[in-house]
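Sequence lines set the chain letters: A, B, ... in the order given, protein chains first and strands last, and positions in each chain run from 1. Keep in mind that what you see is a predicted model, and the values were worked out from it rather than measured.
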Amino acid sequence: MAPDTESKTLQSAKPIELLHSQPSLFFANLQPILLLGTVLFSFKSLVADPVRTLLGLAPTIAIVQAIYCVVCLPSTGDVAAPTTKPGQKKKAGKPGQDIWAKVIPTFLSFTLTIVLSAPLLYIIVILFGAPLTTHHLHTLLFALHLALLTTPHLYYVHGLDAPTWLRLASLQQPIDESYGMSLGACVGAWVGAIPIPLDWDREWQKWPVTVVVGMYAGAVVGKLAGGYLFKGWKIKLA
Amino acid sequence: MDDGELQAESGNGSSASDRELNPEVASKQREVQFKAAHGLLVAFFTFVLLLHIGGISLFLSGFLLTRRVLDEKSKCSESPLYVEPSAIGEHAAGRGTYEDGCWHEKSFDKAVIIVIDALRYDFAAPYPPSSASVSLRRPRHYHNLIPVLYETAAQQSGNALLLPFIADPPTTTLQRLKGLTTGTLPTFVEGGSNFAGAEILEDNLVGQLKTAGKKVVHLGDDTWTSLFPGHFHPNLSHAYDSFNVWDLHTVDNGVTEHLFPLLRFQETVSGTEADWDVIIAHYLGVDHAGHRYGPDHLAMSDKLAQMDEVVRQAISSLPNDTLLVVMGDHGMDPKGDHGGESDLEVESTLFLYSAQTHFGTPDTTLIAPPATARERDSTGRERSVPQIDIVPTLSLLLGLPIPYSNLGKPIPQAFLGRKTGKPDWKNLAEVDRITAAQVHRYHVAYSNAPSSVTKLSESVQEDHKTDDEVVPPTGDALDTLWRKALQRWKAAEKHPNQDKWREVAETFDDYLSENLAVNQRQWASFNLPLMYSGIFVLVGSVLVSALYARGAHGNASGIAPPLLLRGLLGSLSGSALSFLISGLSPLSFLFTCVFLAVSGGIVGITSGLASLSSKIPLPASFWGWICFLSVLLPCISFASNSFTIWEDEILLFSLVTSGVLLLASSLRQRDPQDRAIGTLNSVVFLVLTRTASLSRLCREEQMPYCRSTYYASATSSTSSSWQLAIPWLATVLLPSVIRYFYARTKNYNGSAIIWIGFAFRIDLFLIAMYWLSDAADDGDWLTGKSLYGTINVGKDTLKTMRITIAQVVLSVAFAAGYATFLYASPFISVRTEDPAPELTGSIGFDGQTSTATTTTDIDVNTAFTTITPKPKPAAKPKQKLIILGYANTLGTHYFLLPTLWFLALVLLQKPMGQGTLSLLLTQILCLLEILDANSPSPDHTTHSDEEISPITDLRNSAVGPTLLALLALFHFFKTGHQATLSSIQWEAAFVPLRTIRYPWSPLLVILNTFAPQILCAIAVPALALWKRHPRLSQMGLLSDIARDMATHMLVYAAVAVATVIEAAWLRRHLMLYRVFMPRMLMGVVMLGVVEVVGIAVALMGVRTSIGSVKVVFGW
């Protein structure tokens, strides 16, 4: 173990700042409204036919998340070059290159989300007690939504840097808006499972309506809390 | 130097000056010290156990309503009037034959009993109840829809009778049918001869019908067939599944379809011999409509209208000599559910009809049926009748003997107006006397029954000293009434006239009512002072446990003796105090004494803890909060019936949550070895938890969202053939798994090889053989023809073989296992090596580096007192001794104890349960590794690099003991159990025995039921011993073990207290008997079992393990 790399990775664990631009600020605030709005708007159909609704919502959510990545977040490479000081004027790069430098990481992030995060989260959801022999599509689509809410922005911001992902998985990364959103979604889904066993005989108690709603609410709360209240915090697991 | 450091670290070791005197003497001294401390610790835990038992028994004696079931049956030829011939006079009424009527002249040959489930009285009564209240409200969907009952009873009062019919709670169909056939009150614990099974063994109407040779046809709800198997006419009876609440019509249509042909057949061939004597038709639609929609719904209107039609048809096609009974078994609450004791739930309906004039009325001014369930007559008595009154009424009308334990009284109207419709008080006086005589006979028999808990009259006096109601009737009052009635009877016999007979009838009636009230109070009311005092001391003892386990500073075993002393003093003064104030106490002397002794003990221990400046044990760290919440949340959630019902799934959720957090914590470890081991074991832990969760036994309330996998099918209790592979799989895999954990630290040496690799495996093989032969027996595989001719291995041969195998398994487990455990030396091996040029960091197996093999420099003379783990760089040409397996000497030795108990526990499980128990054992090992990986390693002080040192210390947190308790609870459900009495696997008692033998049979059932709890409780000390430095001070180790054990027990105690409080709080809840009370019983029994096992097995084992290691490495 080289203490050098250790200390280096420790140093680099800083909360991620949003891009300081007008559209970035605008969309960062619009995103929670869009996410919550979409789910609340389609709540009835979610209860009536979860599979169809979740499938139909997935592209919308993916687009919202993709715009969020492109517009609001610094991509992997940008972090290493925070040379622009507040006062300094930004170098006017070529706009065409700029777009591609953002779209390609976004595309990669979503590919990873679908092929890596979603299956992994599917397994984790099953571990938590999701039905194993029935409701495959329900669970799979829930895992997909969970993946969409938790990982694309993390891939986009942190790339596939192993020490960073170790910190993310072990909850050591300092809280920022995007990490807060991911954690919030997980906690929200966890809380969302609580009303399922109650004997209220409500249609919406069926799998996975409550966890989906909890997940979206949690993501929004987590994003806001991570962005403002707990920014820079580190979770103590002692 | 290092050595001294370790001693100082762990606190209460020996001082350095001790050692300077004489190593041997000092060592002996320390050994004696340890044994004394250990003994006192055991005594302290036992004292706490006694406190818990005291609290629990206080609570349960106030909460559990007990009644003893008497096996006696009434006989036709033995009228109760002969019991005291001198007192009663010569026999009068009973003729003693079924033809004429056993104890009294019979009135009907046949009966048609239509039970309309959940027929509430206001369904049958007209709405609005009186003309004065017309403006009340518009009729609901359930009003005025079954008018036939009221109309008939009002218009033909000589032929029909309609009365409110008051049920005794719990108002569930099963309990009600028991009451309606036996005439007794339901209690939760019915001490009798039958262990399990629904069949009614007490004397009852249906049984009497069968004895009398009557043909009973049953149609409808299949609860009847489970209560009275073999009692019904096999060809004509049709039972329907009562479970599907969503289906409103199948049962009803089926009953109607079969009922009316029977009635009509009777009509057309009257004169020839009838095919049936009694028809019991049980309609469920009304109840189901109530459950599904609630009463105020169109579906209910339809259902009631349909019932109206059914009753009308039944009346019109009723033969002359037949009695028609239409009754509800209970009512329903405003939402349409039932089970509790609210007015609406207990107010049911009784309707009697006969084609001949038969019914009279005691009060000629009140001919119309009651308009409401609680209407009173001119003397102020309620006009309603208790449900159990139907039992003597029907018995006497049909000429049967009254069931032995009946407490009901004849319904006056049914005996007053025989034939004429005019009051015939003599007849009523006669039937009242017969019934009263039977009740008296029962009363005497019950009081004299050998093991009846308390004599009826005594306990009533005792329990109701404090009741703020009217002065309680005592046994003496009952006796007085009884004598008075007999005297009046004699007087009336001498000068008979209607008024005298009326007086006699009323006196007997009073006696019967009084007797019922007395019994109701004893069997159906809670003793609140006892319950509250029990709760009070239980809460106190749990707080004390919490303070001791998590709040006390210092050495947990060191503070035990002063706490014990103070506790004992407190208890003694408490019991002394009870002699002084027992007169003032609302409880009996015994209970006062228990209460004060337990309270005194609690106060004593608290004072001791306070003097030690303990802190309030509120969680301070992340893991503290996790543990606190993962116990507190379930405790709170037991107040909800849904969460209690789904406890198994919730435990999975909470265990996986903890597992994921452990995974995250493991990933944080900076030491790569710790990180890898922690991560790997966390993942395995998670996967095993979910795998175990696939084994399920659903309770009734979980349907239809649950599918049982524990047995071959939902309706069997045998294993399917693929499940038989599980024991074989365990035989192959489990020893290897344990070996893997042992070998990782080089501890797979010596006796460990013999035990795990050999004896353990053979025992598992034998267990697999046992269950294979069990399946062969169940499936009749060994009888019948095969290629090689007829084979026929008798069942008895198989059984003998199995029992022998089981006994061998147990003897290997306990005799050989304990022998190994007691006498095996630590599993280490020593290797000599020529000094290598480089002495530091002899890297061991799989990177356990410095922990797995410790290089020590040994001077042979003082070998066992001065091992210094410090490598000396000054290269002397000296031979080097390497002790393999040094790091986990303590843990691996102790872990023999869980494995040997595991064998006994696993033998008693069904194959599926064996699989989950094997998973549990593996999970425990994973947990031990995870906790170690997340704790500072013993030699971390030698690391110069502070960054490497672990950031968590899970071993000293509550995580281990708490998770073990949650795991045990989880696996309780995974070994085919539920928090219901019906899921107890009684057959486990017969695995190694042929007949029931005390105390072994109950012990075996406990071993089967609480196997996971027992295994986890035994594994608790391993948390503190696993991979601990063998040269740590024994006192420090004992302290850690004491704290872990106290924490583990605290989890169970918290659950027990929470369920106790919730059961007391929700004692009027309709799910009390189905959900809360069984969970509470499970909680308190579990607490007792875990504490006993923790003390007698685990703590005693610790003494052996530490002793055997210290003998080698020095005290």
Side-chain angles (χ1 to χ4, degrees), chain A residues 1-11 13 120-135 139 162-173 182-183 186-187 189-202 205-207 210-211 233-238, chain B residues 292 620-624 626 633 637 640-657 659-672 675 678-679 683 685-691 693-694 701-702 705 707 709 934 945 947-948 950-954 957 1071:
Chain A
M1 167 147 332
D4 261 8
T5 54
E6 182 83 2
S7 53
K8 197 175 161 191
T9 47
L10 278 175
Q11 273 174 8
L120 195 68
L121 286 170
Y122 178 75
I123 293 171
I124 292 175
V125 171
I126 292 280
L127 281 181
F128 268 93
L132 184 67
T133 50
T134 57
H135 297 78
T139 312
T164 313
W165 275 95
L166 187 60
R167 279 202 307 277
L168 286 169
S170 60
L171 313 178
Q172 280 170 301
Q173 184 77 5
S182 306
L183 291 180
C186 296
V187 174
W190 190 94
V191 173
I194 291 174
I196 295 177
L198 289 169
D199 62 349
W200 297 344
D201 288 331
R202 304 292 150 161
Q205 280 179 292
K206 73 181 179 189
W207 178 253
T210 51
V211 282
W233 273 38
K234 282 189 177 182
I235 299 173
K236 284 194 191 108
L237 220 61
Chain B
R292 180 161 178 192
S621 62
F622 175 82
W623 284 106
I626 290 290
L633 290 182
S637 75
S640 144
N641 50 336
S642 317
F643 285 135
T644 311
I645 289 166
W646 290 99
E647 191 184 350
D648 49 349
E649 296 293 290
I650 291 164
L651 280 167
L652 169 69
F653 196 61
S654 107
L655 274 176
V656 172
T657 307
V660 167
L661 290 172
L662 282 178
L663 177 64
S665 173
S666 302
L667 283 171
R668 288 181 159 209
Q669 297 307 312
R670 293 189 198 134
D671 180 49
R675 189 162 64 216
T679 309
V683 170
F685 181 86
L686 285 172
V687 173
L688 292 186
T689 308
R690 184 67 174 107
T691 313
S693 80
L694 296 177
E701 292 86 355
Q702 290 181 328
Y705 304 106
R707 205 167 61 87
T709 54
N934 284 284
D945 191 355
E947 292 252 306
I948 302 284
I951 45 180
T952 46
D953 187 5
L954 290 192
S957 70
M1071 287 294 190

**Request:** Examine whether an atom of A/Ile194 lies under 4.5 Å from a heavy atom of chain B, and if so say whether it belongs to the side chain, the backbone or both; otherwise answer neither.
**Result:** both
**Item:** Ring geometry between A/Phe128 and B/Phe653 (parallel below 30°, tilted from 30 to 60°, perpendicular above 60°)
**Value:** perpendicular
**Item:** Structural part of B/Ile645 lying under 4.5 Å from a heavy atom of chain A
**Value:** neither
**Item:** Structural part of A/Trp200 lying under 4.5 Å from a heavy atom of chain B
**Value:** neither
**Under 4.5 Å from any heavy atom of chain A - which part of B/Ser693** = neither
**Message:** Is A/Leu132 in contact with chain B via its backbone, its side chain, both, or neither, using a 4.5 Å heavy-atom distance?
**Reply:** both
**Message:** Quiz question: by atom type and distance under 3.5 Å, do the side chains of B/Gln702 and B/Asp648 form a donor-acceptor pair?
**Reply:** yes
**Fill in**
Scored by heavy-atom pairs under 4.5 Å with chain B, the best of A/Ile235, A/Thr133, A/Ile123 is A/Ile235
**Part of B/Trp623 within contact of chain A (heavy atom distance under 4.5 Å)** = both
**Complete:** To the nearest 0.5 Å, atom CG of B/Leu655 lies from atom CZ of B/Arg690 at 12.5 Å
**Request:** Would you give the length of the straight line joining atom CG of B/Leu663 to atom CG of B/Leu686, rounded to the nearest 0.5 angstrom?
**Result:** 6.5 Å
**Item:** Under the side-chain contact (heavy atoms from CB on, under 4.5 Å) test, residues paired with B/Thr691 that sit two or more places apart
**Value:** B/Val687, B/Leu919
**Message:** For a side-chain contact (heavy atoms from CB on, under 4.5 Å) check, start with the C-alpha distance between B/Leu667 and A/Trp165, then their side-chain angles and the critical distance, and finish with the verdict.
**Reply:** CA-CA 10 Å; B/Leu667 283 171; A/Trp165 275 95; over 6 Å; no
**Prompt:** Who are the side chain to side chain donor-acceptor pair (under 3.5 Å) partners of B/Ser642, not counting sequence neighbours?
**Reply:** A/Asp199
**Item:** Pick from B/Leu652, B/Thr657, B/Val660, B/Leu954 with the largest number of heavy-atom pairs that fall under 4.5 Å of chain A
**Value:** B/Thr657
**Asked** Which bit of B/Thr689 is near chain A, if near means a heavy-atom gap under 4.5 Å: side chain, backbone, both or neither?
**Response** neither
